[in-house]
Protein chains: 2
Amino acid sequence: MTNTDIDATRLQDIGSFEGSLAHRVYLALQDAILSLKFLPGQVVRKGPVCEKLGVSRSPVSEAIARLANEGLVDVIPQSGTRIAHLSMEDIREGTFLRQALELASVAKVAEDRTEDQFAQINRNMRLQDLLVEDGDFPGFYQADEEFHALLMAFTGYPRLKTVARMVSLQVTRARMLLLPTPGRTTETLDEHRAVVDAIRIRDPDAAQRAMRLHLGQLMPRIEALAETRPELFQSR
Amino acid sequence: MTNTDIDATRLQDIGSFEGSLAHRVYLALQDAILSLKFLPGQVVRKGPVCEKLGVSRSPVSEAIARLANEGLVDVIPQSGTRIAHLSMEDIREGTFLRQALELASVAKVAEDRTEDQFAQINRNMRLQDLLVEDGDFPGFYQADEEFHALLMAFTGYPRLKTVARMVSLQVTRARMLLLPTPGRTTETLDEHRAVVDAIRIRDPDAAQRAMRLHLGQLMPRIEALAETRPELFQSR
DNA sequence: CCATGGAGACTAACATGTTAGTTGACATAG
DNA sequence: CTATGTCAACTAACATGTTAGTCTCCATGG
């Protein structure tokens, strides 16, 4: 009643989103799960969610079905729905899948990029430099996301971004717990720069190596986290 | 009325599946779409589907929502649902995504495989030889699928297979139209054998090269198809 | 002959009612 | 004190009712 249930009042209002009701409910719930406003293991009750968002059970059910499909919640048939625990298995798999997609993307972009595309990547890179210099961590986080999003966009494959986001949702959630450290941000900058350099000289293999090196930094940091916050993880 | 609508009577009975009603309806519809019993452009009416399958609109709606999410149908809000056209864009993207996942998988398997896993792969390979020798095309198609499924399973990442299937659904549908030719099957055998050889000597790079070569054979054949059956495709 | 607009039929999306299965607390037996 | 069976409360899943938006088609006006 007190701690085992989610706190539906922490959901953001769905008026800020667009699309069908079901989709807006989905976004609100996903945000709460990814940002850890809802903790792993907590029970999702449709009643309070409907009440808070001012909708009926239909769109809420559809939203929960999608979240279950993405592995963010566990639906127990005829019984209940719970926020999924983080599991190192899932995170490892998500990292693997994400890396597969990122490596293929960066190789393709390194081969096919236009001058204009490279200019955009380079502009983003300079923005990253600036933000780190200013110590603007949230801004840098966003620019970092955009760096990867740009690369995917420049493949010309629109679904790529969606698929990449989907497979690495659990990783995203875990990343929320990683505090930005000054040392890590400058390392990140160097790694990004190596990727950009490879793209500049149109060297797919070098781009892949640089990206692999960059992405390889994440898992060890998450593994360290699993020891600090074991209650969020599940052994299975 | 006659040709613009799907023929719901061609749906297979959902009794043959297991899981929730919604999931079984989903499987029945997906089968009909992938096997081209339902043609691109045709309108899906919930009424006849409910009637044929003996269920209410709820599970049908949920199934259609999932199909829309996977791009197999286009839902026009407040209006109707249509079987999605094949598009070379989607197929190219699906091939790219699929290849990204297969290359990452085969490299990992080449590195990490156990002796027992290799034995299973090798057994499948010998089965393929046998089936081609006997001219059993459906059997070979199935063994081919299993060959790729084995590789993905041996990564140890269970969602991989699901994701791979999802991203290449459009490709699967297009492949249904490709007639097996004796020449192509022996080529396929050689390509598979090259992959197996690389896995035997635990050479990830060679395995990737062999797999890339193998997967690269598909797109040209589909592109030829688009000229033969233009009514199934859409320019967008 | 073409444009336009409006009425009706149809639909997805949403709301609500119903069913059947699971869980957990509690009482009772060992 | 532990094991077990029962029962009530709760839930997901499904069925059905309602709403509001879209499309088609035909009539009317230019």
Side-chain angles (χ1 to χ4, degrees), chain A residues 1-6 8 11 13-15 17-29 33 38 41-84, chain B residues 1-6 8 11 13-15 17-29 33 38 41-84:
Chain A
M1 328 242 182
T2 66
N3 207 359
T4 68
D5 284 20
I6 60 169
L11 284 167
D13 205 65
I14 59 175
F17 301 118
E18 56 185 3
S20 71
L21 271 185
H23 187 241
R24 284 187 275 173
V25 172
Y26 164 76
L27 290 176
L29 288 172
I33 296 171
F38 296 168
Q42 286 183 331
V43 176
V44 181
R45 302 193 184 282
K46 286 183 182 171
V49 174
C50 294
E51 206 174 326
K52 160 69 183 172
L53 299 179
V55 299
S56 80
R57 304 192 315 261
S58 296
V60 175
S61 296
E62 191 177 326
I64 288 179
R66 288 180 59 184
L67 292 168
N69 192 40
E70 292 173 344
L72 288 182
V73 300
D74 295 323
V75 175
I76 299 123
Q78 263 75 24
S79 168
T81 301
R82 291 171 165 273
I83 306 296
Chain B
M1 330 252 175
T2 66
N3 209 357
T4 67
D5 284 21
I6 59 167
L11 283 168
D13 204 64
I14 58 174
F17 300 118
E18 55 185 4
S20 71
L21 272 185
H23 188 242
R24 285 187 274 173
V25 172
Y26 163 76
L27 290 176
L29 288 171
I33 296 171
F38 297 167
Q42 286 182 329
V43 176
V44 180
R45 300 193 186 285
K46 287 183 182 172
V49 174
C50 293
E51 205 173 327
K52 161 70 181 171
L53 299 180
V55 299
S56 80
R57 303 192 316 262
S58 297
V60 175
S61 296
E62 190 177 327
I64 288 179
R66 288 181 57 184
L67 293 167
N69 192 40
E70 292 173 343
L72 288 182
V73 301
D74 296 322
V75 175
I76 299 121
Q78 264 75 24
S79 168
T81 301
R82 292 171 164 272
I83 305 296

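Here is how names work: the chains are called A, B, and so on, in the same order as the sequence lines, proteins then strands, and each is numbered from 1.
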Calculate, to the nearest 0.5 Å, the distance between atoms CG and CZ belonging to A:Asp13 and A:Arg24 respectively. 9.5 Å
Nearest-Å distance, CG (A:Asn69) to P (D:dA12)? 17 Å
Is there a side chain to side chain contact (heavy atoms under 4.5 Å, CB included) between A:Leu11 and A:Phe38 once you walk through the steps? CA-CA 9 Å; A:Leu11 284 167; A:Phe38 296 168; 3.8 Å; yes
In chain order, what residues pass the side chain to side chain contact (heavy atoms under 4.5 Å, CB included) check against A:Leu72, with sequence neighbours excluded? A:Gln30, A:Ile33, A:Leu34, A:Leu67, A:Glu70, A:Leu169, A:Gln170, A:Arg173
Under 3.5 Å donor-acceptor, A:Arg82 side chain and A:Val43 backbone: no
Using a cut-off of less than 4.0 Å, is there contact between a side-chain N or O of A:Arg45 and OP1 or OP2 of D:dC10? no
Using side-chain heavy atoms (C-beta onward) and a distance below 4.5 Å, is B:Ile6 in contact with B:Val49? yes
All N/O donor-acceptor pairs, side-chain side in residues 55-65 of chain B, below 3.5 Å, sequence neighbours left out:
{"unit_1": "B:Ser56", "atom_1": "OG", "unit_2": "B:Ser58", "atom_2": "N", "d": "3.4"}
{"unit_1": "B:Ser61", "atom_1": "OG", "unit_2": "B:Lys46", "atom_2": "NZ", "d": "2.8"}
{"unit_1": "B:Ser61", "atom_1": "OG", "unit_2": "B:Arg57", "atom_2": "O", "d": "2.9"}

Residues in side chain to side chain contact (heavy atoms under 4.5 Å, CB included) with B:Pro48, at least two apart? B:Ala8, B:Arg45
Work out how much the helix from C:dC1-D:dG30 to C:dG30-D:dC1 bends between its end axes, five pairs an end, to the nearest 10 degrees. 10°
Where protein sits on nucleotides 14-23 of chain C, one letter per nucleotide: B base, S sugar-phosphate only, - none, heavy atoms under 4.0 Å: SBBBB--BSS
Is there a side chain to side chain contact (heavy atoms under 4.5 Å, CB included) between A:Arg66 and A:His23? Walk through the geometry before answering. CA-CA 9 Å; A:Arg66 288 180 59 184; A:His23 187 241; 3.4 Å; yes
A:Thr81 side chain near D:dA12 phosphate (N/O to OP1/OP2, under 4.0 Å): yes
5' priority, DNA chain D, between A:Ser61 and B:Arg82 [closest heavy atom]: A:Ser61
Rounded to whole angstroms, how far apart are CD1 on A:Ile64 and P on D:dT11? 11 Å
